[in-house]
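Written below as structure tokens is the structure these notes are about.
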Amino acid sequence: MQVTIVDAFTQTAGAGNRAGVVLDAAGLSVEAMQRIAAAVGASETAFVVSGPTAQGVRLRYFTPTVEIDFCGHATVASFHLMAERGLVPRSGALKLECAAGVLDVELEVTSTRGSRAWIVTPRHPWLETPVPLAQVLALVGGTVDMVDGSLPVRRNAHRVMVPFRRREDVWELAPRSVALDTLLRPHGVSGVYFFTRETLEAGSVAHSRYFVPGMGVAEDPVTGSAAGPLGMYLAMHGVLPLPAEGGTVRTRIEQGDAIGKPGRIEVEVTGRAGQPERARIGGVAVTVLDGTLHV
């Protein structure tokens, strides 16, 4: 089985978030895809199960232990690779079909060979956290006084999103993965996403880390599927101001620096002040290696 390793949300091999990509997965069973993802060992591996055509592609995503409905960095990696191989145009609009639905994708040329993929992220309701925050913090090495009390802790899809005041505190977190999974799993929660408005670079709106033991990933280096919702959250709470008459703003989210795999996710939010309607994530990628996997 031919597998390509791609690092997403970076143009430097070894940085960002690594994904496996299998371009010819039409005949693979679910069991085979899961075995391949486990052998690749990246946080996610994407499988092209139909297409690509001029209209788009259908993808399935697997962590080393489970199938998931959508993955931002593996989608960026897949469209980067297909554009690099000439399987889809390097610019223009396409469709992504996956378990999360049919999502709009736009490719834009960034260099003589590269393209940036912009992907509309799935929307999920914002809910109160079902897990006591103090218990979560105790299992990651945090304390309640680290939390940014001016912003709410919320659940979005399978993750709990927790605002911190200082980047230093986010960097110091050290999760006890098995215990954290045991706490979260009964509530249908897979991970906890910590972020702070204290960033490394001008032009960024947040700096984050994401622990996802429920999906077999101790820490996801750079998470596109969480960055889109974070952009919506920040717009809802006035951190990322939208025009009163409606419009679109772009910003950037930093992740991966704490573990030596820095990546940058472009985020675009559209809507009115306090009422975001849509988020897109944007990212580049770099092809690292091609190989034959025997499983």
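Here, residue 1 is the first one in the sequence, and each next residue gets the next number. Since the structure is predicted, the reported quantities are computational estimates derived from the model, not experimental observations.
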TODO: List the steps and the verdict of side chain to side chain contact (heavy atoms under 4.5 Å, CB included) for Val102 and Leu96.
DONE: CA-CA 6 Å; Val102 178; Leu96 163 66; over 6 Å; no

TODO: Kindly determine whether Val239 and Tyr233 satisfy side chain to side chain contact (heavy atoms under 4.5 Å, CB included), including the steps that lead there.
DONE: CA-CA 9 Å; Val239 177; Tyr233 168 102; over 6 Å; no

- [ ] Apply salt bridge (charged side-chain N to carboxylate O under 4.0 Å, His left out) to the pair Arg264 and Asp257, showing each step before the final yes or no.
- [x] CA-CA 10 Å; Arg264 299 295 180 264; Asp257 301 80; 3.0 Å; yes

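In this structure, CD on Glu44 lies 10.0 Å from OH on Tyr61, to the nearest 0.5 angstrom. For the atom pair CD1 of Ile5 and CG of Leu81, the computed distance is 10.5 Å after rounding to the nearest 0.5 Å. For the atom pair CD (Gln34) and CZ (Arg60), the distance works out to 10.5 Å, reported to the nearest 0.5 Å.
Looking only at distances, a side-chain donor or acceptor of Ser29 sits under 3.5 Å from a matching main-chain atom of Ala32. A donor-acceptor pair is defined here as one N or O able to donate and one able to accept, closer than 3.5 Å; such a pair exists between the side chain of Arg155 and the backbone of Ala157. Put simply, the side chain of Glu198 gets close to the backbone of Arg167: a donor and an acceptor are under 3.5 Å apart.
Within the structure, no pair that satisfies the ring-ring contact (aromatic ring centres under 6.0 Å, His included) test touches residues 276-295, not counting sequence neighbours.
In summary, the side chains of Arg85 and Thr287 do not present any donor paired with an acceptor at a separation below 3.5 Å, with no hydrogens or angles considered. Under 3.5 Å, the side chains of Ser208 and Tyr193 contain a donor-acceptor pair of N or O atoms. Looking at Glu254 and Ser204, their side chains do bring a donor and an acceptor atom within 3.5 Å of each other. No side-chain donor-acceptor contact under 3.5 Å links Thr270 and Glu277. Checked by atom type, the side-chain pair Trp118/Glu108 shows a donor-acceptor distance below 3.5 Å. A donor atom on one side chain and an acceptor atom on the other are not found under 3.5 Å apart for Asp7 and Asn17.
No more than 12 heavy atoms of other residues, nucleotides or ligands lie within 6.0 Å of CG in Asp24, so this atom counts as exposed by the packing criterion. Around CZ of Arg165, the count of heavy atoms belonging to other residues, nucleotides or ligands within 6.0 Å exceeds 12.
Ion pair Glu106/Arg116 not flagged as a salt bridge, since none of the NZ, NE, NH1 or NH2 atoms sits closer than 4.0 Å to an Asp/Glu carboxylate oxygen. For Arg90 and Glu84, the salt-bridge test fails: no basic side-chain N is under 4.0 Å from an acidic carboxylate O. Using a cutoff of 4.0 Å between basic side-chain nitrogens and carboxylate oxygens, Arg209 and Glu219 are scored as salt-bridged. Ion pairing between a basic and an acidic side chain is recognised when a charged N comes within 4.0 Å of a carboxylate O; Lys261 and Asp220 show no such pairing.
Residue Phe164 is found in a hydrophobic cluster whose other members, listed by chain and number, are Val131, Leu133, Val136, Leu137, Leu139, Val140, Val144, Met146, Val147, Val153, Val160, Val162, Val170, Leu173, Leu180, Leu183, Leu184, Val189, Val192, Phe194, Phe211; membership requires side-chain heavy atoms under 4.5 Å apart, directly or through intermediates.
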